[in-house]
Amino acid sequence: MANTAADVLVETLLDWGVEVIFGLPGDGINGIMEALRTREEQIRFVHVRHEEAAAFMACAYAKYTGRLGVCLATSGPGGIHLLNGLYDAKLDSQPVLAITGMAFHDLIHTHTQQDVELDKLFADVAVYNNRIMGPAHVENVTALACRTALMYRGVAHITFPTDMQDMEMSKSERTKRNVRHHTSDVFARGAHLPNERGLQQAAEILNKGKKVAMLVGAGALRATDELEQVADILGAPIIKALLGKAAVPDDSPFTTGGIGLLGTAPSEDALKNCDTLFMIGTSFPYIEFYPKMDQARAIQIDIDPMRIGLRYPVDVGLVGDSRETLLHLIPLLKRQEKRSFLEKAQQGMQEWWQTMEERGTRDDKPMKPQVVAWELGKRLRNDAIVSCDSGTITTWWARQVPVKRGQMHSLSGNLATMANGLPYALAAQVAYPDRQSIAFVGDGGFSMLMADFSTAVKYNLPIKVVIIKNNTLGQIKWEQMVFLGNPEYGVKLEPIDFAAFARACGGTGFTIEDPTECGAILDEALNTPGPVIIEAVVDSFEPPMPAQIKPNQALKFAESLAKGEPNRMKIAGTVFEDKVRELV
């Protein structure tokens, strides 16, 4: 029974199917915490060490389940801390509800303690953003917030003055137009299908194409079988944007893997040489990797009409769900008998994987980061959920960790923020207790929110955290050198003993330094019960070079060495050795 305004909030969330809330208590949300305490058998509260982690966890929960992710923070600084994780949800189009406390309603904007008008602060990040104005307002606002986040795939925000949370519903007043229970928790899903004429036009262009390339993203994650069927009919290689890494498994004969600075050479070649581009569920942002203007005719499927033609001029835009649209399009497609375009891409991928295996099986010391990624990828279960962080770690994940059918992989896509990997893995384990949950992170990103490893210990979440430890902000270092031609500066990290930290938190810690022992230690770590950290100490001079190095990048790299890069001899030696190995 709902006795207080906060009770109404929580019961409305239950009506919308919310089962878990990630957050941190505070005096600005004490009324909400009490409503959660009295319903702890119905809704789970996961207590984190930092509100930013709570927002990341809500985003990851939405990504991995397709359901509404919810995070909770107190007034003032608590709500402010949510923002980075909420922007991650906004930029990757994930349905997340953020609930924050607020100062006493009659002291707002009077220089009171924690007097931050969070609804104003959240105006840019949220598709729905509202301040509770009284107990009779709560049900209406909460239902609309849930509905809007789910329908518009974005962030909804409710901020709730702390004194109103405890107000009794029996004494609340409502206007005559605000009829009790006039809202509904029915979530109406549309068919999300393009019209027949658009399908016919798209099929005509695709059938005429001799060199069709498919570029797929997060919007195609649930269309694996259909993507492979289309690729087979059209003789088209499937190129995957980072968020679409798990759209098709990497052992599929149709995929050329990723694209962009972290992608593969065959993917770049396919886009350079295609005459028809078929984009499915992606807004891949790096326009320089698309076909040249006027090179290719283009078809795009996206559930958001605003994304059609966003990156490349399209001939036909199909607004709809990727899987459902492909199911309606497939009967209209004709088999491409000439398979040379696909076959060339397949040959390129055979050579690419040979190179990846060579890099992943080296026994040099210090150990190469590719070795850790390669050995981990071989040991991941088919049900693994792999959460990657941002930095050079993303390169090793994108290239050296093959996706198996049934796995899920994700990261902070468009925001590309650091520190998301650990919270993502925590949320994945909360959502799927019986699946393998892996955080594949760098030492820089992990150290930002490392206190939340204790959250895994607190709730006995058996996540496995693999930390690539190079004691540097590697991505920034290489960007300074390769893109700007400057020596590295301000990127060195003071070493942390992460294995000891794991033990201090009550978990288990392992350290890998010898590449010949990497596989055996990973076997032991992955089979150890409970939360585990595996720190892998690697060569900090190993560069995450692009699949195809541009002349300007080589020139800038040389300039950075000439300007006084402090480690120029070691870096030059490493790069030279890597290239020699690939040639012999």
Side-chain angles (χ1 to χ4, degrees), residues 19-26 33 36-37 40 43-61 64 69-73 78 81-82 85 376 379-381 383-389 393 418-469 495-512 521-537:
E19 296 177 353
V20 60
I21 296 177
F22 306 99
L24 189 66
M33 291 303 298
L36 290 172
R37 184 191 70 81
E40 61 182 340
I43 190 166
R44 183 179 184 184
F45 177 73
V46 177
H47 175 197
V48 302
R49 291 300 184 102
H50 196 291
E51 292 91 352
E52 183 179 0
F56 278 135
M57 291 167 77
C59 177
Y61 186 88
Y64 290 135
V70 183
C71 54
L72 173 65
H81 283 160
L82 292 176
L376 175 66
R379 289 163 171 80
L380 293 175
R381 288 172 11 193
D383 70 346
I385 304 173
V386 183
S387 302
C388 185
D389 218 303
I393 189 72
M418 296 168 69
N420 68 287
L422 173 62
Y424 269 38
L426 290 167
Q429 199 73 84
V430 168
Y432 301 100
D434 298 324
R435 295 183 67 162
Q436 186 183 50
S437 180
I438 306 291
F440 189 61
V441 300
D443 49 356
F446 178 76
S447 61
M448 288 180 172
L449 288 174
M450 61 192 284
D452 265 295
F453 182 73
S454 66
T455 302
V457 176
K458 175 183 177 73
Y459 294 105
N460 194 28
L461 300 172
I463 64 169
K464 305 297 182 272
V465 183
V466 180
I467 303 173
I468 300 297
K469 179 179 174 180
I496 297 173
D497 188 337
F498 294 110
F501 168 76
R503 292 188 286 270
C505 289
T508 305
F510 293 86
T511 299
I512 308 173
I521 295 175
L522 282 173
D523 281 333
E524 183 181 358
L526 293 174
N527 287 292
T528 298
V532 175
I533 286 177
I534 308 105
E535 65 166 6
V537 183

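Owing to the predicted nature of the structure, the values given are computational and were not obtained by experimental measurement.
A 4.5 Å side-chain heavy-atom check between Ile438 and Leu376 finds at least one atom pair inside the cut-off. In this structure the side chain of Phe440 reaches within 4.5 angstrom of the side chain of Ile468, judged on heavy atoms.
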**OP:** I would like to know whether Leu522 and Ile512 meet side-chain contact (heavy atoms from CB on, under 4.5 Å); could you show each step before the answer?
**Re:** CA-CA 9 Å; Leu522 282 173; Ile512 308 173; 4.1 Å; yes
**OP:** Take His81 and Leu24 through the test side-chain contact (heavy atoms from CB on, under 4.5 Å) and record every step on the way to the result.
**Re:** CA-CA 11 Å; His81 283 160; Leu24 189 66; over 6 Å; no
**OP:** Before giving the answer on side-chain contact (heavy atoms from CB on, under 4.5 Å), spell out for Val20 and Met57 the whole-Å C-alpha distance, their side-chain angles and the decisive distance to 0.1 Å.
**Re:** CA-CA 11 Å; Val20 60; Met57 291 167 77; over 6 Å; no
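Contact record, Gly85 with Ala55: CA-CB, 3.6 Å, taken as the closest heavy-atom pair. Contact record, Ala53 with Pro423: O-CB, 3.7 Å, taken as the closest heavy-atom pair. The two atoms that bring His47 and Tyr459 nearest to each other are N-OH, 2.8 Å, heavy atoms only. Among all heavy-atom pairs drawn from Ile467 and Gly442, the shortest one is CG2-C, 4.0 Å. Closest non-hydrogen pair, Gly507 versus Val457, comes out as N-CG2, 3.9 Å. Across all their heavy atoms, Ala439 and Ala425 have their closest contact at CB-CB, 3.7 Å.
Pairs passing the side-chain hydrogen bond (donor to acceptor under 3.5 Å, both in side chains) check and including a residue from residues 418-437, sequence neighbours excluded, read Lys63-Tyr424, Asp88-Tyr424. Each side-chain hydrogen bond (donor to acceptor under 3.5 Å, both in side chains) pair with one or both residues in residues 522-531, not counting sequence neighbours, appears once here: Arg379-Asp523.
To the nearest 0.5 Å, atom CD of residue Glu51 and atom CZ of residue Phe22 are 15.0 Å apart. Summarising the geometry, atom OH belonging to Tyr64 is positioned 6.5 Å from atom CD1 belonging to Ile385; distances are rounded to the nearest 0.5 Å. Rounded to the nearest 0.5 angstrom, Ile496 CD1 and Asp443 CG are separated by 8.0 Å. Rounded to the nearest 0.5 Å, atoms CD1 (Ile463) and OG (Ser387) are 9.0 Å apart. Once rounded to the nearest 0.5 Å, the distance linking CZ of Phe510 with CG of Leu526 reads 9.0 Å.
Every residue two or more places apart in sequence or in another chain was checked for a side-chain hydrogen bond (donor to acceptor under 3.5 Å, both in side chains) with Asp497, and none qualifies. Evaluation of the side-chain hydrogen bond (donor to acceptor under 3.5 Å, both in side chains) rule for His50 yields no partner, not counting sequence neighbours. Here Phe498 pairs with Phe446 under the ring pair (Phe, Tyr, Trp, His ring centres under 6.0 Å) rule; sequence neighbours left out. Qualifying side-chain hydrogen bond (donor to acceptor under 3.5 Å, both in side chains) partners for Glu535, counting only residues two or more places apart in sequence or in other chains: Lys469, Thr511. For Met33, the side chain to side chain contact (heavy atoms under 4.5 Å, CB included) partners two or more places apart in sequence, or in a different chain, are Pro25, Ile29, Leu36, Phe45, Leu72. Under the side chain to side chain contact (heavy atoms under 4.5 Å, CB included) criterion, Arg503 pairs with Ala499, Ala500, sequence neighbours left out. Not counting sequence neighbours, the partners of Glu19 by the salt bridge (charged side-chain N to carboxylate O under 4.0 Å, His left out) test are Arg67. By the side chain to side chain contact (heavy atoms under 4.5 Å, CB included) test, Arg49 is found to be paired with Ala451, Asp452, Ser454, Thr455, residues two or more places apart in sequence or in another chain being considered. Ala419 meets the side chain to side chain contact (heavy atoms under 4.5 Å, CB included) test with Phe56, Met448, Leu449; sequence neighbours excluded. Residues satisfying the side-chain hydrogen bond (donor to acceptor under 3.5 Å, both in side chains) test with Asn460, not counting sequence neighbours, are none.
Counting only distance, with no hydrogens or angles, the side chain of Asp389 and the backbone of Val441 share no donor-acceptor pair below 3.5 Å.
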